[in-house]
Number of protein chains: 2
Amino acid sequence: MSVQVDHEERRRQIAEALLRIADTQGLQAASMRAVAAEAGVSLRLVQYYFTTKEGLLLDALARLGAQLQARMEQWISAAGSPPTPRGIVTAVLSCILPTDPESRRITRTYAAYYTLVLSDPEVLEKHGARLPELLEGFLTKQIRAAQEVRQIDSGKNPEMTAAGLLAMVNGLGSSVLGGQRTGDAALAILTHHLDELFRSP
Amino acid sequence: MSVQVDHEERRRQIAEALLRIADTQGLQAASMRAVAAEAGVSLRLVQYYFTTKEGLLLDALARLGAQLQARMEQWISAAGSPPTPRGIVTAVLSCILPTDPESRRITRTYAAYYTLVLSDPEVLEKHGARLPELLEGFLTKQIRAAQEVRQIDSGKNPEMTAAGLLAMVNGLGSSVLGGQRTGDAALAILTHHLDELFRSP
DNA sequence: CACGACATGATACGGGTGTACCACGAGAGG
DNA sequence: CCTCTCGTGGTACACCCGTATCATGTCGTG
């Protein structure tokens with residue numbers, strides 16, 4: 001070993017600088033130089049730890065996904081024990097909604113990446129973890145479980161209900177980010193729909 | 001009058017070139033030069049008709065909004081006469097979903113603008129017409145009307161139902177654009193939820 | 001003590017960006 | 001007939017981008 005500064009720590013520092021810029025100014029403002037300045041290192045270092053910009057972008061995206069996943073697990077465990085299907089579904093969905101600073105940050109940063117994916121879909125393939133699919137499957141299972149204990153009308157299609165709910169939360173998040181309504185208003189709308197859903201027929 | 005070429009026609013030609021690029025390659029690829037090339041005119045002309053890039057962006061956005069509005073009116077009138085609330089709601093919502101080439105184009109281009117708004121919210125103020133608010137109000141009225149003729153459970157809150165529906169369509173559109181599911185699958189999900197909504201209790 | 005791998009700094013390069021400037025044809029108004 | 005304004009072309013400017021190159025410092029290991 002030589003000087004051996006902690007590589008992982010440096011990479012984290014730089015990637016989080018990228019995420020901070022993506023959050024506050026959008027991804028198009030996240031140039032290598034800007035990231036270097038934000039992280040308080042030289043341009044050369046950014047190049048050194050992430051040879052190419054695409055590498056940096058992908059690494060930061062993976063970290064963002066991990067942050068969101070951690071947040072969701074935290075919210076689920078905070079939903080009380082023993083966990084009820086309704087509690088879990090509510091926790092997962094409302095934790096995605098940009099209501100507090102952290103979820104605002106995560107949502108906004110994800111939105112910044114979304115455009116990137118639209119203009120360059122191959123980014124998506126290089127980024128292994130397909131979080132939305134997993135989430136949708138997870139929600140589907142919870143809804144099915146709720147149906148079995150008669151908390152949700154069993155006439156509803158679980159897959160479609162889960163997909164619709166997730167899409168709705170997504171859309172609500174977009175409207176909050178776009179300044180069309182507040183996070184609390186979005187949460188109220190979500191809650192209203194969950195109330196309708198979890199209603200013994 | 002002098003040579004007097006048709007200004008409006010030229011502006012339209014250029015703005016639509018911008019929209020075409022925003023659709024196929026994203027807004028960040030829509031440089032003045034690229035727009036000029038796409039429109040088949042010189043860079044100088046783009047500058048001449050739209051002094052600044054922001055002007056071009058805003059003008060094109062207004063045209064895009066008009067296109068969407070025209071499409072919606074067309075779909076509504078195609079929903080049959082006399083129009084039923086359910087027909088109108090279905091028409092409005094499904095016409096936004098990216099199922100055919102035109103709606104794919106419109107949705108994708110709107111998505112391209114969305115990021116722009118996120119990173120620079122003042123664009124939104126300069127762009128007068130706030131289409132989503134209008135749409136939401138319109139949907140709310142339709143839902144209320146459906147409640148009065150007992151086609152929708154009157155226990156539901158019309159504003160929140162409309163907002164949720166719109167957000168869901170928005171989110172479904174995003175997932176289609178992101179390649180997560182097909183337009184038809186999204187339409188099926190929407191239809192399933194409309195079936196649940198329009199069900200005499 | 002010396003060598004070599006690792007870590008970092010400074011700077012250069014080619015290209016793309018929005019905007020500004022200058023020149024020139026053509027038709028209208030005096 | 002002259003002149004002036006409108007429409008248009010070409011090109012230059014200053015800046016920012018991602019990446020590459022060269023140089024240097026710093027330490028563990030032989």
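Here is how names work: the chains are called A, B, and so on, in the same order as the sequence lines, proteins then strands, and each is numbered from 1.
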- Before accepting this row, confirm whether a basic side-chain N of the pair B:K156/B:E196 lies closer than 4.0 Å to the acidic partner's carboxylate O. no
Whole-Å distance, A:H7 NE2 to C:dA5 P, equals 15 Å
query: Do the side chain of B:R33 and the base of C:dG16 come within less than 3.5 angstrom through a donor-acceptor pair of N or O atoms?
result: no
Using a 4.0 Å heavy-atom cut-off, does A:Y49 contact any base of the nucleic acid, only the sugar-phosphate backbone, or nothing at all?
sugar-phosphate
- Query: Can you tell me if the side-chain N/O atoms of B:T52 get under 4.0 Å from OP1 or OP2 in C:dG18?
  - Reply: no
From CD of B:E54 across to P of C:dG18 the rounded distance in Å is 13 Å
When rounded to whole Å, the CG to C1' distance for the pair A:L27 and D:dC17 reads 15 Å
Whole-Å distance, B:F50 CZ to D:dG7 P, equals 14 Å
Atom CZ of A:R44 and atom P of D:dA23 are separated, to the nearest Å, by 14 Å
Check this for me, if you would: do A:D100 and A:R71 make a salt bridge, where the nitrogen-to-carboxylate-oxygen distance has to be below 4.0 angstrom? yes
Is A:E16 salt-bridged to A:R63, cutoff N-O under 4.0 Å?
-> no
* Side chains of A:R105 and A:Q67: donor-acceptor distance under 3.5 Å anywhere? -> yes
C:dA10, OP1 or OP2 - any side-chain N/O from A:S42 closer than 4.0 Å? no
_Looking at A:D195 and A:R86, is any side-chain nitrogen of the basic one under 4.0 Å from a carboxylate oxygen of the acidic one?_
yes
Among D:dG7, C:dT17, D:dC17, the one nearest any side-chain atom of A:S31 is D:dC17
Indicate yes or no: does A:D153 engage B:R199 in a salt bridge with an N to O separation below 4.0 Å. yes
Ranking D:dC17, C:dT19, D:dG7 by distance to the side chain of B:Y48, first place goes to D:dG7
Separation of D:dG9 atom P from B:L45 atom CG, nearest Å, is 5 Å
Practice prompt. Answer yes if the side chains of A:S119 and B:Q25 hold a donor-acceptor pair under 3.5 Å, and no otherwise.
Written response: no
B:K53 NZ to C:dA20 P, in whole Å, measures 15 Å
Here the distance between atom C1' of D:dT19 and atom CG of A:L56, to the nearest Å, is 14 Å
Taking Watson-Crick and G-U wobble contacts under 3.5 angstrom, with | marking pairs to another strand and [ ] crossing pairs, the secondary structure of DNA chain D is written |.|||.||||||||||||||||||||||||
